[in-house]
Protein chains: 2
Amino acid sequence: MQRDKLPTIKEIAKRLKVSTSTVSRALHNHPSIGYITTYRVHKLAEELGYEPNLTAISFKQRKTYTIGVVLPNLSEAFFSTAISGIEDFAATKNYNVLLGQSLDDPEREKRIIETMKTHRVDGMIVSITKNTDNYDHFDQLTKYHIPIVFFDRIPEKKDISYVACNLESGLLQALNLLIEQGHRKIGLINGPDQLIASNQRKETYLKGLTDNNIKPDEKLMVSSSLSKESNQQATSSLLELKDRPTAIITFNDYVALDAIAIAKKHGLVINKDVSIISFANLPIWEYMDNRPLASIEQFPYRQGEKASEILFSFIESQSSTDESTEPLSNQQIIFDSELIKHL
Amino acid sequence: MQRDKLPTIKEIAKRLKVSTSTVSRALHNHPSIGYITTYRVHKLAEELGYEPNLTAISFKQRKTYTIGVVLPNLSEAFFSTAISGIEDFAATKNYNVLLGQSLDDPEREKRIIETMKTHRVDGMIVSITKNTDNYDHFDQLTKYHIPIVFFDRIPEKKDISYVACNLESGLLQALNLLIEQGHRKIGLINGPDQLIASNQRKETYLKGLTDNNIKPDEKLMVSSSLSKESNQQATSSLLELKDRPTAIITFNDYVALDAIAIAKKHGLVINKDVSIISFANLPIWEYMDNRPLASIEQFPYRQGEKASEILFSFIESQSSTDESTEPLSNQQIIFDSELIKHL
DNA sequence: TTGTAGGCGTTATCAC
DNA sequence: GTGATAACGCCTACAA
């Protein structure tokens with residue numbers, strides 16, 4: 001009962017009184033198999049409702065037709081959009097996507113990577129945890145020849161492939177826009193110091209100001225741990241300066257939400273008394289009344305697509321029988337962020 | 001090079017001059033294996049960095065330790081939250097999650113279901129497409145003894161397991177709240193007629209009104225295809241009635257966003273001139289100035305958890321060797337929605 | 001054009 | 001306690 005056998009290649013072979021290899025080849029339309037045989041096999045397969053057993057194929061071929069995707073958090077629009085891009089691309093290759101959420105917990109991340117490794121995924125796309133500082137579990141993957149493409153949150157490590165977004169372009173556009181509009185005191189609410197993302201923002205911010213002959217003011221640069229309270233406090237500290245900024249650039253949209261709320265509490269009118277520009281992760285600013293002047297867009301969907309594209313180039317090169325081709329070298333793709341104004 | 005062999009049970013056996021069966025048993029701490037042997041096996045396995053090959057195990061055991069999850073759209077907060085619940089639960093069982101997005105395209109849904117079937121997932125959680133009207137691909141799953149739990153968007157079909165949310169409770173609370181506040185002309189912007197979800201809303205709406213001795217007014221009930229334009233048009237049609245509603249209940253938050261925008265264009269003050277209540281799918285109303293008075297919450301995370309729980313009860317009952325236990329019967333769980341006021 | 005046979009890594013059923 | 005062996009479903013040299 002439990003074991004009412006599903007049709008297999010063997011079954012078809014038996015009924016047709018041919019060998020399993022013939023059936024296998026016929027099903028793959030191997031040219032060496034005669035037309036009639038091929039036809040009969042296909043026909044019977046159809047009748048029996050035969051479907052190849054991928055677990056057997058995976059086992060035999062050492063390929064699972066599955067990629068693993070590990071992201072910090074699916075509930076962030078940035079990541080859920082990215083995974084759409086990944087999933088779409090994988091679908092075109094007839095691949096499935098094994099999903100894991102690290103929830104920014106390095107231990108959990110490690111566990112996920114490991115179970116995906118035992119699943120023998122053909123490749124992985126990973127956006128690391130905020131706190132990942134040990135990359136051993138990633139190195140382990142090379143042992144299994146599992147290619148990995150990092151994405152957005154990438155480790156500080158040489159010889160890896162990744163897709164990320166260059167915050168510089170968008171941020172410089174943002175600064176230019178603000179400066180054009182006459183702003184001279186432009187604040188920055190940055191993220192935690194240990195994040196690369198924070199450093200990038202800070203450096204570009206400094207560069208953008210000095211390029212425009214504005215002397216950066218230490219007091220205008222604050223950090224937030226990205227909790228709501230911290231965001232609010234950072235905003236307050238800026239707005240309560242006796243020489244308060246007339247524009248603020250925030251680490252991301254969530255910070256912007258809190259900043260906007262606090263600014264309003266201070267009786268300020270958004271984008272009039274204080275202009276806000278932030279790094280995009282929300283899809284619905286258009287619906288909000290008090291929204292940033294503009295967002296620095298990072299194109300998560302396209303990034304996801306691109307990461308998949310690179311990953312599949314590895315996967316496909318691996319399975320190419322051509323032994324002579326040398327291994328593909330790592331690729332680092334950096335998208336330019338872009339300033340999108342909210343009208 | 002390509003084939004630098006990974007350590008296997010066989011390798012360990014050879015080195016230790018024992019049989020593979022001994023190694024296998026030792027690794028599982030089988031009681032019949034001597035303490036010393038067990039120890040030596042574990043030690044060598046560790047040294048070699050042995051890791052079980054799940055593809056082989058899946059093949060042999062007819063279990064993949066993977067569940068498939070098919071959702072219409074990950075970029076909707078409702079679903080991305082739900083999948084968190086599913087993923088968390090699966091993780092406790094050491095299961096992986098194979099993800100597919102149907103994007104509300106029945107063809108795509110069918111394809112996903114099929115590839116998951118060939119992957120031999122141990123079970124599936126599915127929220128069907130808006131347009132799914134053929135359930136053959138689901139029936140196919142029973143052939144492979146793949147249990148399936150439907151979730152939120154469930155097919156009209158007997159003998160299935162599902163987890164869904166009873167909209168009635170929350171919607172009645174919403175109506176009561178509005179009526180308490182003195183509203184008598186309460187509009188409904190519903191979704192497409194063919195959706196069960198729309199019918200449920202409509203029926204409950206009618207019931208809520210009549211229970212409160214308010215005679216439903218056909219003109220106050222409109223439908224939207226859920227596109228932005230359609231939402232706007234539906235809202236306008238309500239607001240331009242000479243006897244316009246003083247409160248509107250919308251099909252979901254996205255409709256509410258459009259409705260609010262249009263209401264403002266009509267010069268109305270939200271929740272003063274016209275109160276809005278909607279079915280929740282957005283996480284960030286708290287940041288918005290013009291937000292609904294309240295949302296009808298459907299607890300996606302908990303629903304996802306519950307769906308997983310049911311699914312795993314099936315999965316685990318299947319693998320129980322006890323032949324005598326009769327198959328678990330289907331379960332239908334219905335959560336109560338709840339009205340959450342936005343202060 | 002088709003068949004034979006071996007093997008992928010693991011577990012399970014017998015034996016001993 | 002431990003070992004031999006078959007089996008899971010499929011693919012692929014190698015033969016014929």
Side-chain angles (χ1 to χ4, degrees), chain A residues 2-42 45 48-65 117-120 122 144-145 319 321 323, chain B residues 2-42 44-45 48-65 117-120 122 144-145 319 321:
Chain A
Q2 187 86 303
R3 284 278 156 274
D4 49 347
K5 299 188 29 162
L6 297 170
T8 68
I9 236 175
K10 218 188 252 172
E11 178 68 16
I12 298 180
K14 205 197 314 180
R15 299 208 190 196
L16 254 36
K17 300 200 200 311
V18 298
S19 74
T20 57
S21 36
T22 302
V23 176
S24 171
R25 285 185 280 233
L27 288 171
H28 291 96
N29 295 313
H30 193 288
S32 79
I33 299 296
Y35 180 76
I36 325 169
T37 315
T38 305
Y39 173 77
R40 291 179 62 219
V41 168
H42 273 107
L48 296 180
Y50 166 80
E51 301 188 40
N53 181 337
L54 194 54
T55 69
I57 296 175
S58 296
F59 172 49
K60 171 82 179 149
Q61 314 277 264
R62 297 181 166 77
K63 282 194 93 213
T64 53
Y65 302 94
K117 189 175 54 185
T118 73
H119 268 267
R120 301 289 193 272
D122 292 344
Y144 289 88
H145 305 111
S319 61
T321 49
E323 295 282 337
Chain B
Q2 188 86 303
R3 285 278 158 270
D4 48 348
K5 299 188 33 158
L6 297 170
T8 69
I9 236 175
K10 221 186 249 173
E11 176 70 14
I12 298 179
K14 206 196 314 180
R15 299 209 192 196
L16 254 34
K17 298 199 200 314
V18 297
S19 75
T20 57
S21 26
T22 302
V23 176
S24 171
R25 287 186 278 235
L27 287 171
H28 291 94
N29 296 311
H30 192 287
S32 78
I33 299 296
Y35 180 76
I36 326 170
T37 314
T38 304
Y39 172 78
R40 292 177 62 219
V41 168
H42 273 107
L44 183 57
L48 296 180
Y50 167 79
E51 302 187 39
N53 182 338
L54 194 54
T55 68
I57 297 176
S58 295
F59 172 48
K60 175 84 175 122
Q61 313 278 270
R62 295 182 169 76
K63 285 193 89 212
T64 52
Y65 302 94
K117 189 177 56 184
T118 73
H119 269 265
R120 300 291 194 270
D122 292 345
Y144 289 87
H145 305 111
S319 62
T321 51

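The basis for the numbers below is simple: all heavy atoms, side chains too, and nothing from hydrogens, waters or symmetry mates. Below, read A as the first sequence line, B as the second, and so on, with proteins coming before strands; counting in each chain starts at 1. Note that the structure is predicted; figures quoted are calculated from it, not measured.
One interatomic measurement links the two molecules: CD1 of A/Ile33 to C1' of D/dT12, which rounds to 12 Å at whole-angstrom precision. What separates CD of A/Glu11 from C1' of D/dA7 is a distance of 17 Å, to the nearest Å. Taking atom NZ of A/Lys17 as the reference point, atom C1' of C/dT2 lies 16 Å away to the nearest angstrom. Computed from coordinates, the B/Leu16 CG to D/dG1 P distance equals 18 Å when rounded to whole Å. Between B/Asn29 atom CG and D/dG1 atom C1' the separation is 15 Å, expressed in whole Å.
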N/O to N/O distances under 3.5 Å, protein versus nucleotides 7-11 of chain C:
| from | atom 1 | to | atom 2 | distance (Å) |
| --- | --- | --- | --- | --- |
| C/dG7 | N2 | A/Lys60 | NZ | 3.0 |
| C/dC8 | OP2 | B/Lys10 | NZ | 3.0 |
| C/dC8 | O3' | A/Arg62 | NH2 | 3.3 |
| C/dG9 | OP1 | A/Arg62 | NH2 | 3.3 |
| C/dT10 | OP1 | B/Tyr50 | OH | 2.5 |
| C/dT10 | OP1 | B/Asn53 | N | 3.2 |
| C/dT10 | OP2 | B/Ile9 | N | 2.7 |
| C/dT11 | OP1 | B/His28 | NE2 | 3.2 |
| C/dT11 | OP2 | B/Ser24 | OG | 2.9 |
| C/dT11 | O3' | B/Gln61 | NE2 | 3.4 |
| C/dT11 | O2 | B/Lys60 | NZ | 3.3 |

_The test is side-chain contact (heavy atoms from CB on, under 4.5 Å); show your working for B/His28 and B/Ile33 and say whether it passes._
CA-CA 10 Å; B/His28 291 94; B/Ile33 299 296; over 6 Å; no
_Evaluate B/Leu27 against B/Ile9 for side-chain contact (heavy atoms from CB on, under 4.5 Å), listing each step before the verdict._
CA-CA 9 Å; B/Leu27 287 171; B/Ile9 236 175; 4.0 Å; yes
*Report the C-alpha separation of B/Tyr50 and B/Leu44 in whole Å, then their side-chain angles, then the decisive distance to 0.1 Å, and conclude whether the side-chain contact (heavy atoms from CB on, under 4.5 Å) test is met.*
CA-CA 8 Å; B/Tyr50 167 79; B/Leu44 183 57; over 6 Å; no
*Check against side-chain contact (heavy atoms from CB on, under 4.5 Å), B/His119 and B/Thr64*: CA-CA 8 Å; B/His119 269 265; B/Thr64 52; over 6 Å; no
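Using a distance-only test at 3.5 Å, with no hydrogens or angles considered, no donor-acceptor pair links the side chain of B/Ser24 to the main chain of B/Thr20.
In plain terms, the two heavy atoms of B/Ser32 and B/Arg25 that are nearest each other are OG-CD, 4.3 Å.
Residue B/Ser19 has no polar side-chain atom (N or O) positioned under 4.0 Å from OP1 or OP2 of D/dA4.
Within the 4.0 angstrom heavy-atom criterion, no nucleotide atom of any strand lies near B/Thr55.
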